[in-house]
Visitor: 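Okay, handing you the structure first.
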Amino acid sequence: MAKLPSDAELVKLFHLGADDKALAEEYGVTVQAVNKRFVNLGLRKKPAALRANELVRSIWDVKTSREGPSHHNAYTVKALKVYLRSRLGDTGLSQTQQREAEWLIGRLVRDNTVVTYDPENGWQYAPREPADGRMIVRWPAGKELPKEDLRQALTLPEPPEASSS
């Protein structure tokens, strides 16, 4: 009977981003068996949508209000969250959502801008500065950068390789 590796090895693989399905195939067990061990170890993978929402909340205190203006439903932040979801591996995006993410990145590249947020004025596009690097947002001063996978999600996609003809 196939067997998963030790708890210590599974924890290491989890934090390295190992995929449940790939582990199941490698060790000859079901995906459910892998998932169950992760759950028993207290390791739960958050869906990309939840991680994208948490990331935006960790960067900005976005204005939400039932009375008066609210910024949490603006098109720019919706497109930003969809782009983050795609970069975090969400394969369940609709064609409309994919177009929204592409629209956002197209605009940022075309206009050489980044997304910024101001509680008074909402979401804006600011001219890219050298300090922005390849980030798609202007990182607020004094905020700690997130873990590597989330930092990667906040970057522009790599430009396509120039074909040599």
Visitor: Treat each ILVMFWY residue as a node, draw an edge where side-chain heavy atoms are under 4.5 Å apart, and state whether V137 and Y117 are in one component.
Guide: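 Yes: a chain of side-chain contacts under 4.5 Å links V137 to Y117.
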
Visitor: Output the distance between atom CG (L88) and atom CZ (R51), rounded to the nearest 0.5 Å.
Guide: 5.0 Å

Visitor: Can you find a pair of side-chain heavy atoms, one from L55 and one from P146, that are under 4.5 Å apart?
Guide: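 The answer is yes, as the side chains (C-beta and beyond) meet within the 4.5 Å cut-off.
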
Visitor: If you count every heavy atom of other residues, nucleotides or ligands that lies below 6.0 Å from E9 atom CD, does the total exceed 12?
Guide: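 Yes, enclosed.
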
Visitor: Are any of the side-chain heavy atoms of L93 and R85 separated by less than 4.5 Å?
Guide: yes

Visitor: Hey, could you give me the CG/NZ distance between N40 and K36, rounded to the nearest 0.5 Å?
Guide: 6.0 Å

Visitor: Kindly determine whether Y125 and T76 satisfy side chain to side chain donor-acceptor pair (under 3.5 Å), including the steps that lead there.
Guide: CA-CA 9 Å; Y125 299 94; T76 301; 2.9 Å; yes

Visitor: Before giving the answer on side-chain contact (heavy atoms from CB on, under 4.5 Å), spell out for L154 and L150 the whole-Å C-alpha distance, their side-chain angles and the decisive distance to 0.1 Å.
Guide: CA-CA 6 Å; L154 286 163; L150 296 175; 5.5 Å; no

Visitor: With a 4.5 Å heavy-atom cut-off, do V115 and I136 have their side chains touching?
Guide: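 No - every pair of side-chain heavy atoms lies 4.5 Å or more apart.
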
Visitor: Within the 4.5 Å heavy-atom criterion, are T96 and E100 side-chain neighbours or not?
Guide: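 T96 vs E100: side chains touch.
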
Visitor: May I ask you to decide whether D7 forms a salt bridge with R37, counting only side-chain N to carboxylate O separations under 4.0 Å?
Guide: yes

Visitor: Measure the CG-CG distance between L10 and L4 for me, rounded to the nearest 0.5 Å.
Guide: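 Going from the CG atom of L10 to the CG atom of L4 covers 5.5 Å.
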
Visitor: Apply side-chain contact (heavy atoms from CB on, under 4.5 Å) to the pair L156 and I105, showing each step before the final yes or no.
Guide: CA-CA 7 Å; L156 290 169; I105 295 308; 4.3 Å; yes

Visitor: Once you round to the nearest 0.5 Å, how far does CD1 of I59 lie from CD of E54?
Guide: 12.0 Å

Visitor: Whether the side chain of R128 engages the backbone of V114 through a donor-acceptor N/O pair (distance < 3.5 Å, no angle test) should be reported.
Guide: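 Such a contact is absent between R128 side chain and V114 backbone.
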
Visitor: Does atom CD of Q95 have more than 12 heavy-atom neighbours from other groups under 6.0 Å away?
Guide: no

Visitor: To the nearest 0.5 Å, how far apart are CG in L84 and CG in N53?
Guide: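 The CG atom of L84 sits 9.0 Å away from the CG atom of N53.
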
Visitor: Does any N or O in the side chain of R87 come within less than 3.5 Å of the main-chain N or O of Q152, such that one atom is a donor and the other an acceptor?
Guide: yes

Visitor: How long is the span from the OH atom in Y83 to the OG1 atom in T155, to the nearest 0.5 Å?
Guide: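 Nearest 0.5 Å value for the OH-OG1 distance: 5.5 Å.
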
Visitor: Taking the six-membered ring for Trp, are W123 and W60 parallel (under 30°), tilted (30 to 60°) or perpendicular (over 60°)?
Guide: perpendicular

Visitor: Apply the test side-chain contact (heavy atoms from CB on, under 4.5 Å) to residues T30 and V34: give CA-CA distance (whole Å), side-chain angles for both, the deciding distance (0.1 Å), then the verdict.
Guide: CA-CA 7 Å; T30 64; V34 173; over 6 Å; no

Visitor: Could you check whether R99 pairs with E102 (Lys NZ or Arg NE/NH1/NH2 to Asp/Glu carboxylate O, under 4.0 Å)?
Guide: no

Visitor: Would the distance check show the side chain of Q97 and the main-chain N or O of S94 forming a donor-acceptor pair, the cut-off being under 3.5 Å?
Guide: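 Yes; at least one donor-acceptor contact below 3.5 Å.
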
Visitor: Does D111 pair with R107 as a salt bridge, N-O distance under 4.0 Å?
Guide: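 R107 and D111: salt-bridged.
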
Visitor: Would the Y75 and W103 ring centres measure less than 6.0 Å apart?
Guide: yes

Visitor: Do side-chain atoms of K143 reach the backbone of S58 as a donor and acceptor pair under 3.5 angstrom?
Guide: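 Answer holds: yes.
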
Visitor: Quickly, which of D132, T116, T113 forms a side chain to side chain donor-acceptor pair (under 3.5 Å) with R138? Name it, please.
Guide: D132

